[in-house]
Each structure stands twice: as C-alpha cells, then as structure tokens.
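For reference, the structure discussed in these notes is given below.
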Amino acid sequence: MTGDTPSAGALVLVAVAGLLVVAPFSGAAAAALAGGGGVAAPPASADAPRGEVAAAASLQSGNETVVHRGENATIVRRGAFSIADETNRAYSSMEDEPVVANGQVYGVFTGNKLAGDEGEQRFFSALYALDGETLDVEWRVEFETAGLHGRPVVADGTAYVVMYEQGNRTRPDTYFLHAFDAESGDRLWKHELGSVLYDRRGEAWGTHDRYHPIYVVDGRVHTLTVDTGLQTLVALDPSTGDVAWRQEGIAAGVGTDGERIYAGYREGQNEYDAGAVIALDPATGETVWTRPNGDLYGQQRVSLVANGRVYAARSGPLGNDAVGNLHALDAATGEEIWTELASGNSRIDPVAVYSASETVVAQTWSPVDESDAPKIQGIDDATGDTRWAVSSNRLGPTWTVHTGERNLYVYSAGGFSAYAGDTLHGPDTDGFFPQPAWSRAYGDFEDVREISEVDGTLYELRTTTTRVAVSAFDASEGDRRYEFEVEGVRPYMTVADGTVYLETAGAIRAYEAVAPGTVPTDASQSAGDADPSGATDSRERVDAGTDTGGDSSTAPALPTALGGRGPLGAPLAVLAGLALGLATSGLLVGRRYRF
C-alpha cells in the first residue's frame, strides 16, 4: 500500500462524514416531495424563542397563523393590524379597547407626528374602522390636537365618538360629538358639547366618568354636555346633529332601558339643593315621572338600570359618620321599592343584579376614612335587606370585583374565585358570603386587566411586564378551555362572536379558537406574529400548576441534548440528524412531523 492510497479506515470516515451531511437533507427533501411540494421549515436561529418554533405555524390560507396547539383547541390568529406599519409610527398607542359592531372593529389611536410646513411635532388622533374578519383598513378619520373621551358607539349605520380638542392649558379644551357613516367613513356632522379648562376636567367628568354616555334610543342620539358643575342632557337628530330637546340640571349619572332615559337631577349647584331622579321620554324629552330626594343630602346617582328597576345611589357627606344608601325605584312609575344603607361606608355603587337569586351586588368604600374597609355587599332585591357583606379583612389587602351574566368574580393577589349568580341567596347563605363555585390561581400572571363573560365562557386577560395571557374557562364548571400567551404591553381585549380582539401597544390582532385537527396539518412553520418592537407573538404556553383542567402545555419535540442544547448537544444532534435523515429517507418517507 503506497502513501497515495487511502486506507480502509479513512474511506469509512469519509463515507460517514458524507452521510452526516447528506442524510438529513435527503430526508427533508423526500418529505417535501411526499407532501405534495410543500416547503420545509427554515431552521430556527439560536436566539429564537423556543415557543417561536414550537407553537407557531402559518396556514396556507392567507395570513392566518397558528399561535397555539392544545388538546382542547387550536388558537388561530385570523387577522392583524399595526398602527406603526400603517402610518410609519405616526401614532404610538390605542386609547381603550376595540369596539366591535356592524361587522367592523373600531379603534382610536393617538400620538405625535410631524405636521405643517416646518415639520413640527403635533398631537393627533385617528379613528380607524377595520374589517371584522381580516382587520384590513376600511376607512380612517384623523383629528389634529384631539383626544378621545369615551369609546365609539355604533348604531343604525352611524359611528359616534366624543373627541376633545386640546387647548394645551392656554385655553379650554373643547368637546365634540362626531357622527360618521359606518360603511364609508364620511363625516355626517359634529356637535359641540362644551369647553372646560384642563385643570377642571375632573369637575366636568364627575357626572359620567371616563366613558362619555351616548345612547341611541327612539330615533334620537342622547349625550351630555361638558361643563363644570351641573350638565345638560341633549337629544340630537341622528341625520343632522340638530338639537331635538335638552334637559338641564343633570347632576349624577344617566342610564336607559330602551324605553326611557333616567338621570340624577338637582335644582341648584349646591349639593344640599333639592334633587330627584327623573325619567324622560327619549323622543320628546317630556318628564315621565320625578322621584324627589326629599330631605336627603346630595343627589341620587343613577348607577344601574336592570330588571325593570332604576338603582340610584346616594353618597353620605364626608367628614362625619354618615353612610351612603341605595334606592330601588320602579322604572315605570318611579315609586320607591326599597332603600338600604351601605355597610358602614359613605359610598355605595351597585354593579350587578342577578335575577335568579334576586340579589343586588354592590361595592362600598370610604374615600377619606381608611379604617372603613371596602366591602362587597349582597342585597335582597325583593326586600332591600342586606344578606351578606364581606370586607378586605377576608378578601385580602387588594381585590377587585368583575361581574358577568352568569357569575360574580372576585380577584385577589393570588387568584380568583367565581360565585354563581343563582347561588348568591338561599337558606345557607344569609349572613355570610357564599362559597365559590370554582377558583383558579394565576401563576406568574398577577395583573388582571380585563374579563369578559360571553355565551357561557369566561375570557380573562392577564399580564406581566412584557407578556399577555388570554385564558378561556367554562363559566359553570371552571374547566380551562384554552390559554395562549403573546408578547405585549398595555393590552386591551374585546370578545365578539367567539373571536378575541387583542390590542397591545398599537397593534390589534384577532384570535379564534378552532377544534383540534381542523387546522391543516401540512401548514409549514413560521416565525409567528411580529409586533412593531420585533418581538414574536407566539410563545410556548405553560398552564398554571394548580390548574388540572383544560389543555396541557406544548412539550419540546426532543430532549434537551438531542435538540442541540446542553454540553452534549452538538455531537448528539449530529448523530440524531443522521438517524432521522436515514429514517425519513426510507421507512418514514411519507410522514411529516409537526410540533
């Protein structure tokens, strides 16, 4: 054997090296051919999040993307809209949650952009109407130096929104109600609601809080003016914006049941002046009935209209031991059905009525005296007697109440409990808070931003600093139907027709849960949903350890070492690639594996 002739051992090494290089590629090529010409997934970079590979796969039909595959559901991103992509980052964020109506998704975005001949920075807002299926832009309207006050309201083919033009603290802010054709975005009219200095906005908003009321009832658009002190309820013609009638002296709260408009009324500016709850005909503005406050302090605030009743809360004066009370009035006649005191606090606010158990749920608190612990109070809707009251001493230092059509939900730092509305009163519940129907823990998601109970499903939006988790539970049993996780900050959520519309930092995405197996299995993997910051929308979901219901988390496709991680990752990954390449080239040539 001469020096130029390769040895047998060397030939073996060369052959093995060739197989190491060729076999994995031959397996991938064979699988691609067997799959009808599909394109194999590109290799993930070493810096890519594990969930980016494990949970994301683009579908062949348009822009749909698989965000999560679970035992109970597959989560598909059906559409996406980014304000940064649309306007080259002219707007930075969205104000409040999306509004879904008329087959469209409405959102108001705000931020600074260059404008004018000199390219100076100016504050702008824009109202967008997006297609409800694809989130493609259908129309947009821009407002310079204007901010949103309340959410858009859509009724009878018209989109209404209240915007205020900023005076930049040198002149009053001016508020307008705008009306647009919901299909085309054409402006129909705008009506000035009043002006107020920036530093006195709190006085103007005291009647209606952050959501400016807009009610379209009986052929009229009803809203409030913006003034310090007492305000005016105006009814406008929806086609022209002309004033049909007005009612002055509105002091606290406006509500409707579709038959009448109800409001807290006061004759003078002083809180001790005579007041009443009034019911108005929405078409003519005529007073249907008046329920005077009598010698009670302050006005009665219309807080809730439900079950043929108007629930009006009256606050106790600050600085003494007086407590607030709640009045239930007959919506047809104004007659008082019952009155009940708040459970030791000066403020009371009814938040829900559960007809099946005849229970009114209210929150009570004292804005000055911290020794008066906030409470949840259950009141018998037939008699007005308090059935139970539970305070922070039992609920913990931080808690919030959310209400649904079926359940009452109480959230604290570690988790939440669901209380069935039809069990809030019975022979075993008088005098104390009832037992929960089911409970769940948060895991590492402690900040609950929103919940929405729709058609027997509880949708819950939770956050950390940079992550967002959406969970869906069976509202009756508490079983987790699915959960998925995305990157994002400052999220808002709206649920409509089984679709979760999620807004995070100026991007709206539509997520839909479909049955496992209905998503095409030959969809190739993708890098997922990129947001304006470059973060992926897809991550591996991990269920809370205390939850035994619902789908399980997505498991890694290979052990750590065989997946190319750890000290033995590189050599073992090469051997694994050789074995998989030989297998897929032969025995398993017709199979395609998905994670």
Side-chain angles (χ1 to χ4, degrees), residues 55-81 94 96-107 128-136 138 151-152 154 182 402-407 409 418 421 438 440 448-462 468-486 488 491-504 507-520 523 528-529 537-538 541 543 547 549-551 554:
S58 64
L59 297 179
Q60 292 178 335
S61 56
N63 62 354
E64 293 178 326
T65 301
V66 173
V67 176
H68 167 72
R69 295 180 185 272
E71 294 179 0
N72 297 330
T74 297
I75 308 302
V76 177
R77 181 185 60 78
R78 197 177 61 197
F81 168 82
M94 181 175 174
D96 229 306
E97 61 263 29
V99 173
V100 182
N102 196 48
Q104 295 170 309
V105 179
Y106 298 86
Y128 275 82
L130 312 175
D131 182 90
E133 291 288 333
T134 64
L135 297 186
D136 294 334
E138 296 194 343
R151 293 175 293 183
V154 183
H402 296 271
T403 59
E405 181 178 347
R406 183 187 304 255
N407 296 332
Y409 301 93
W438 52 274
R440 286 291 177 269
V448 176
R449 285 294 297 265
E450 293 180 52
I451 74 160
S452 180
E453 186 187 296
V454 181
D455 297 331
T457 299
L458 169 67
Y459 299 88
E460 180 191 51
L461 174 63
R462 294 172 289 139
V468 178
V470 176
S471 301
F473 299 92
D474 180 278
S476 297
E477 304 296 333
D479 294 333
R480 191 198 305 270
R481 291 177 170 169
Y482 63 79
E483 178 177 290
F484 66 94
E485 181 181 323
V486 300
Y492 293 104
M493 178 182 70
T494 298
V495 180
D497 298 326
T499 301
V500 176
Y501 296 92
L502 193 62
E503 188 275 333
T504 56
I508 303 177
R509 299 182 178 94
Y511 298 98
E512 184 178 15
V514 298
T518 60
V519 179
D529 244 352
D537 191 41
S538 303
R541 189 195 60 72
D543 282 329
D547 181 27
D551 52 348
T554 305

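Along the sequence shown, residues carry numbers from 1.
- In this structure, CG on Asp136 lies 10.0 Å from CZ on Phe81, to the nearest 0.5 angstrom.
- Nearest heavy atom pair, residue Leu135 against residue Ala510, reads CD1-N, 3.7 Å.
- A donor and an acceptor atom, one from each side chain of Tyr501 and Arg78, are located under 3.5 Å apart.
- Annotation for Val470 and Met493: closest pair CG1-SD, 4.4 Å, computed over non-hydrogen atoms.
- Contact record, Val468 with Gly488: CG2-O, 3.6 Å, taken as the closest heavy-atom pair.
- The CD atom of Glu453 lies 5.0 Å from the CG atom of Asn407; values are rounded to the nearest 0.5 Å.
- No side-chain donor-acceptor contact under 3.5 Å links Glu512 to the backbone of Val76.
- Closest heavy-atom contact between Trp438 and Asp474: CZ2-O, 3.8 Å.
- For the atom pair CZ (Arg440) and CZ (Phe473), the distance works out to 6.0 Å, reported to the nearest 0.5 Å.
- Separation of atoms CZ (Arg151) and CD (Glu97) is listed at 4.5 Å; rounding is to 0.5 Å.
- Annotation for Ser471 and Arg462: closest pair OG-NH2, 2.9 Å, computed over non-hydrogen atoms.
- Shown here are the salt bridge (charged side-chain N to carboxylate O under 4.0 Å, His left out) partners of Glu503, two or more places apart in sequence or in another chain: there are none.
- The structure places CD of Glu485 at 13.0 Å from CD1 of Ile75, a figure rounded to the nearest 0.5 Å.
- Nearest heavy atom pair, residue Val448 against residue Ile451, reads CG1-CG2, 4.0 Å.
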With side-chain contact (heavy atoms from CB on, under 4.5 Å) as the criterion, how do Val500 and Leu461 come out once you've worked through the C-alpha distance, each side chain's angles and the decisive distance to 0.1 Å?
CA-CA 10 Å; Val500 176; Leu461 174 63; over 6 Å; no

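- Classification of Glu460 and Arg480 as a salt-bridged pair fails, no side-chain N sitting under 4.0 Å from a carboxylate O.
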Determine, stepwise, if the pair Asp131 / Glu138 fulfils side-chain contact (heavy atoms from CB on, under 4.5 Å).
CA-CA 6 Å; Asp131 182 90; Glu138 296 194 343; 3.3 Å; yes

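- Between Phe484 and Tyr511, the ring planes lie tilted relative to each other; the angle falls in the 30° to 60° range.
- Distance check, rounded to the nearest 0.5 Å: OH of Tyr106 to CG of Leu130 gives 9.5 Å.
- No donor-acceptor pair under 3.5 Å is formed between the side chain of Thr457 and the backbone N or O of Ala472.
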